[in-house]
Asker: 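Quick one: the structure is below, questions incoming.
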Amino acid sequence: MKGVDQVTLRIGTFTSVSRHLLPSLMEKFIEMYPNIQFELYQSEYTNIEQQLLEGSLDLGFTCIDAIQRVQYQELYYDEMFALCHKVMC
């Protein structure tokens, strides 16, 4: 990123990441690189890998189960829970 005057990063993500994880990460990144612009693309996590391979995204956030052909770095682990009414369980 050194010497870059202005760059736009195209980021593919799904709703929970863009609402809960990305805002603080983007703020910290902008402090370090104030000329960076972000374009966020909401997508299903199953589509993000393909968009990276096609070149329409520079960076993607998805779940590990949706990755088959690109290298990745796990940044965050989260558990998902299903809730049901007592009668149904």
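Excluded from the calculations below are hydrogen atoms, water molecules and symmetry mates; all remaining heavy atoms, backbone and side chain alike, are included.
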Asker: Identify the heavy atoms of Leu22 and Leu40 that sit nearest to each other, and give their distance.
Answerer: CD1-CD2, 3.9 Å
Asker: Taking the side chain as everything from C-beta on, heavy atoms only, tell me whether Leu53 gets closer than 4.5 Å to Gln50.
Answerer: yes
Asker: Shared ILVMFWY cluster between Ile67 and Leu52, side chains joined below 4.5 angstrom?
Answerer: no
Asker: Is there a path of hydrophobic side-chain contacts, each under 4.5 Å between heavy atoms of I/L/V/M/F/W/Y residues, joining Tyr72 to Leu25?
Answerer: no
Asker: State, to 0.1 Å, how close Ile48 and Ser43 come at their nearest heavy-atom pair, and which atoms those are.
Answerer: CG1-CB, 4.1 Å
Asker: Looking only at non-hydrogen atoms, find the nearest pair between Leu9 and Ile36 and report the distance.
Answerer: CD1-CG2, 4.2 Å
Asker: Identify the heavy atoms of Pro23 and Ser18 that sit nearest to each other, and give their distance.
Answerer: CD-O, 3.4 Å
Asker: Looking at Tyr45 and Thr62, what are the two nearest heavy atoms and their distance?
Answerer: O-OG1, 2.7 Å
Asker: State plainly whether one hydrophobic cluster holds both Leu75 and Phe14, where clusters connect Ile, Leu, Val, Met, Phe, Trp and Tyr through side-chain heavy atoms under 4.5 angstrom apart.
Answerer: yes
Asker: Can you establish whether the number of heavy atoms outside Arg19 located under 6.0 Å from its atom CZ is more than 12?
Answerer: no
Asker: Distance check, rounded to the nearest 0.5 Å: Thr13 atom OG1 versus Leu21 atom CG?
Answerer: 8.0 Å
Asker: Is it true that, when you exclude Glu39 itself, more than 12 heavy atoms of the residues, nucleotides or ligands shown sit nearer than 6.0 Å to its CD?
Answerer: yes
Asker: Are Met32 and Leu59 connected into the same hydrophobic cluster when the rule is that any two of I, L, V, M, F, W, Y join if their side-chain heavy atoms are below 4.5 Å apart?
Answerer: yes
Asker: Have Thr15 and Gln42 got a donor and an acceptor in their side chains that come within less than 3.5 Å?
Answerer: yes
Asker: Is the shortest heavy-atom distance from the side chain of Arg10 to the side chain of Tyr41 under 4.5 Å?
Answerer: yes
Asker: At what distance, to the nearest 0.5 angstrom, does CD of Glu54 lie from CG of Asn47?
Answerer: 9.5 Å
Asker: Say whether, by atom type as modelled, one donor and one acceptor occur between the side chain of Thr8 and the main chain of Phe38 under 3.5 angstrom.
Answerer: no
Asker: Any donor and acceptor pair, going by atom type alone, linking the side chain of Glu49 with main-chain N or O of Val70 inside 3.5 Å?
Answerer: yes
Asker: Using modelled atom types only, decide if a donor and an acceptor are shared between the side chain of Gln37 and the backbone of Val7 within a distance under 3.5 Å.
Answerer: no
